[in-house]
Engineer: 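After the structure tokens below, expect a handful of questions from me.
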Amino acid sequence: MIVRTRFAPSPTGPLHIGGVRTALYAYLFAKQHKGQFILRIEDTDQNRYVEGAEEYIIEALTWCNIIPDEGVSFGGSHEPYRQSERKTKGYYQQYAEQLIASGHAYYAFDKTEELDAARKQAEAEGNQGWQYDSKTRSAMQNALTLSADEVQIRITKDEAYVIRLKVDPDQHITFNDMIRGDVSFESNIIDDKVLIKADGMPTYHLAHIVDDILMEITHAIRGEEWLPSSPAHVLIYQYLGLADKMPRYAHLPLLLKPEGNGKLSKRDGDRLGFPVFPLEWKDPATGEVSSGYREKGYYAQGFVNMLAFLGWNPGTEKEIFSMDELIESFTFERVHKAGARFDPEKAKWFNEQYLRMQEDADLAQRFIPVIKEQLKISDHRSSVEYAAAAVSLLKDRVHFENEFYEKGRYLFEVPTTYDEKVIAKRWNPITAKFLNKLTEVYSTQTTFDASTCKLSFENLATENQIKPGDVLQLFRVILSGQASGVDLFGMVELLGKEEVLTRIKNAISALPKDVGN
RNA sequence: GGCCCGUUCGUCUAGGGGUCUAGGACAUCUCCCUUUCACGGAGGAAACACGGGUUCGAUUCCCGUACGGGCUACCA
């Protein structure tokens with residue numbers, strides 16, 4: 001048997017990170033078993049269709065490197081992969097009719113208002129959970145209560161109808177979930193679910209089953225919110241006589257809000273200051289923009305790694321996993337059963353780990369365009385050598401690559417202001433004199449690397465009976481304008497003799513002459 | 001309300017009858033490194049929801065309670 005899993009989102013908006021995790025687990029499982037991962041678009045609700053959502057889903061999965069073997073925009077031997085198109089081919093109707101023929105489904109003509117009225121009346125009688133089922137259907141307008149002629153007349157008169165599943169009462173339904181083990185339900189609590197809506201579209205319940213059968217899905221991985229309706233799905237397979245075709249189910253724990261109650265929702269992200277979407281999304285209706293991990297500067301790999309660990313762990317202390325390593329290690333047995341509160345801090349931590357793993361040369365390649373565009377520099381400072389050296393000084397003190405520019409611009413630009421506190425404390429005739437002498441020493445120096453410069457700096461300080469500590473930070477401010485930053489003599493080496501001398505000269509002329517006298 | 005699923009440090013989790021003085025990671029605190037800021041290193045504080053059972057022995061198994069989550073649509 002070839003393992004085939006699918007990710008089947010609805011194009012109702014951007015995919016949130018919970019959805020990405022579901023896709024990831026389905027992908028990891030399929031790949032581990034040398035199987036296939038399919039992307040199916042479940043667009044059966046025409047009212048909720050959102051322009052651009054499908055493209056977003058595809059782009060997001062691609063960014064995460066969760067690449068489907070088959071699916072919308074990826075092709076495959078089970079086309080089409082969009083449910084609206086499959087509906088046109090009559091796939092769902094065919095199965096619905098089979099259920100009707102075998103007595104497991106029926107036509108129902110009740111209007112929305114009538115259903116609402118039935119619910120309201122039950123509520124008035126102190127019964128909160130009215131549902132269309134074996135107890136109530138006899139009071140409704142359907143093929144079980146109307147004569148066959150009447151049903152035929154209504155259908156030919158184009159009266160709106162739905163097709164409902166006829167759930168047999170008093171059945172025990174048990175199935176084995178890959179994460180939860182045996183789960184059981186009573187059929188009495190399952191309602192006669194609508195299979196085909198009045199607009200002719202199938203509901204999720206019918207559509208996903210028909211497609212999973214036709215697409216030969218072996219393992220259905222989805223969110224925990226589906227657990228309550230899964231017994232109905234088990235029944236549909238039974239009624240279809242295809243119980244042997246039923247995939248194994250895995251119901252994933254939900255992702256919860258970082259604080260407060262409830263599951264992580266689209267609104268939480270920007271409210272709490274972190275993205276809930278892999279990519280930035282602009283709502284076509286409202287124009288509202290929601291931030292994305294990609295745009296915030298997260299690495300796709302770190303993002304995927306973080307997501308994998310939300311509810312799963314390998315049972316070892318290793319935390320950094322490449323996609324290949326995840327494929328190798330992932331198992332549903334090790335997926336935690338309880339919902340996981342999402343922690344944006346941990347997401348950042350994963351990103352830092354990946355940042356430190358980057359090669360300086362690669363970081364430099366990506367930084368150079370920024371140097372050229374933002375700093376308008378195009379000389380030796382925009383070379384790979386210079387950028388790589390700058391990046392290596394900067395690397396450990398940023399969380400994201402995109403901080404190199406803000407945190408390191410003094411490595412490229414002469415400072416125009418100087419940290420006032422340090423100047424007030426350290427700038428005086430003695431230190432000014434020291435800096436003048438330092439200029440002389442440095443200008444005669446033939447080698448200008450970090451250790452040589454550091455040594456001559458310290459020697460000069462000692463000769464002048466100055467504690468290095470009294471001038472070290474001043475020197476930093478003179479060179480960078482800032483009181484803290486990258487390794488001081490590392491910066492000296494990077495800037496080079498000429499630039500260092502210029503910056504000292506600049507500072508001396510820019511700073512007040514009579515301080516301390 | 002009903003049904004289902006769950007419950008180990010603040011958070012993500014390991015552990016599934018004695019090895020638990022309950023392990024790791026994030027966050028937090030202290031110290032070291034660094035006469036900067038980070039990184040890094042060392043250490044600290046921090047949890048088995050509660051009550052019954054079963055057992056020689058329960059964090060681990062069973063039941064109940066509490067709490068959390070989900071579902072309860074012609075949405076997925």
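The figures here come from the full heavy-atom set of this structure, side chains too, leaving out hydrogens, waters and symmetry mates. Below, read A as the first sequence line, B as the second, and so on, with proteins coming before strands; counting in each chain starts at 1. None of the values given here were measured: they were computed from a predicted structure.
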Engineer: When you look at A/Y91 and A/D211, which way does the side-chain hydrogen bond (donor to acceptor under 3.5 Å, both in side chains) test go after all the steps?
Structural biologist: CA-CA 8 Å; A/Y91 292 159; A/D211 289 340; over 6 Å; no
Engineer: With both distances under 3.5 Å as the test, what is the Watson-Crick or G-U wobble partner of B/A49?
Structural biologist: B/U65
Engineer: If we take the C1' atom in both B/C9 and B/G23, what is their distance in whole Å?
Structural biologist: 12 Å
Engineer: For A/F303, check ring pair (Phe, Tyr, Trp, His ring centres under 6.0 Å) against everything at least two apart and list the hits.
Structural biologist: A/W63, A/Y293
Engineer: If you measure from the P atom in B/C5 to the same atom in B/A45, how many Å do you get, rounded?
Structural biologist: 39 Å
Engineer: Look at the side chain of A/R334 and decide which nucleotide, out of B/A14, B/C3, B/U36, has an atom nearest to it.
Structural biologist: B/A14
Engineer: Closest heavy-atom contact between A/E114 and A/Q141?
Structural biologist: OE2-NE2, 4.0 Å
Engineer: Can a donor-acceptor pair be found between the side chains of A/T174 and A/D182 at a distance below 3.5 Å?
Structural biologist: no
Engineer: So if I define the base as every atom that isn't primed, P, OP1 or OP2, how would nucleotides 20-27 of chain B read as a B/S/- string at a heavy-atom cutoff under 4.0 Å?
Structural biologist: ---SSBS-
Engineer: CG of A/L310 versus C1' of B/A14: gap in Å, rounded?
Structural biologist: 16 Å
Engineer: Mind checking the C1' distance from B/U13 to B/A27? Whole angstroms is fine.
Structural biologist: 15 Å
Engineer: Start with the C-alpha distance between A/E224 and A/K263, add both sets of side-chain angles, then the distance that settles salt bridge (Lys or Arg N to Asp or Glu O under 4.0 Å), and finish with yes or no.
Structural biologist: CA-CA 11 Å; A/E224 194 183 6; A/K263 65 174 172 178; over 6 Å; no
Engineer: Under 3.5 Å for both donor-acceptor distances, Watson-Crick or wobble: does B/U21 have a partner, and if so which one?
Structural biologist: none
Engineer: How are the rings of A/W226 and A/H233 set to each other: parallel, tilted or perpendicular (split at 30° and 60°)?
Structural biologist: tilted
Engineer: If I pick the C1' atom on B/A25 and the same atom on B/C71, what distance separates them, to the nearest angstrom?
Structural biologist: 33 Å
Engineer: Hey, is the side chain of A/R426 poking within less than 4.0 Å of OP1 or OP2 on B/U35, counting only N and O atoms?
Structural biologist: no
Engineer: With rounding to whole Å, what would you report as the distance between B/C33 and B/G41 at their C1' atoms?
Structural biologist: 8 Å
Engineer: Counting primed atoms plus P, OP1 and OP2 as sugar-phosphate and everything else as base, spell out the protein contacts along nucleotides 66-76 of chain B at 4.0 Å heavy-atom distance: B, S or - for each nucleotide, 5' to 3'.
Structural biologist: ---SBS-SBBB
Engineer: Applying a 3.5 Å limit to both distances, which nucleotide forms a Watson-Crick or G-U wobble pair with B/C3?
Structural biologist: B/G70
Engineer: In whole Å, what separates the P atom of B/G64 from that of B/U7?
Structural biologist: 16 Å
Engineer: Would you measure the distance from the C1' atom in B/A46 across to the matching atom in B/U65 and give it in whole Å?
Structural biologist: 27 Å
Engineer: Just call it for A/G311: base, sugar-phosphate, or nothing, with non-hydrogen atoms closer than 4.0 Å on any strand.
Structural biologist: sugar-phosphate
Engineer: A/F475 CZ to B/U35 C1': how many Å, rounded?
Structural biologist: 15 Å
Engineer: Just call it for A/P253: base, sugar-phosphate, or nothing, with non-hydrogen atoms closer than 4.0 Å on any strand.
Structural biologist: nothing
Engineer: Quote, to the nearest angstrom, the P distance that separates B/U28 from B/C61.
Structural biologist: 35 Å
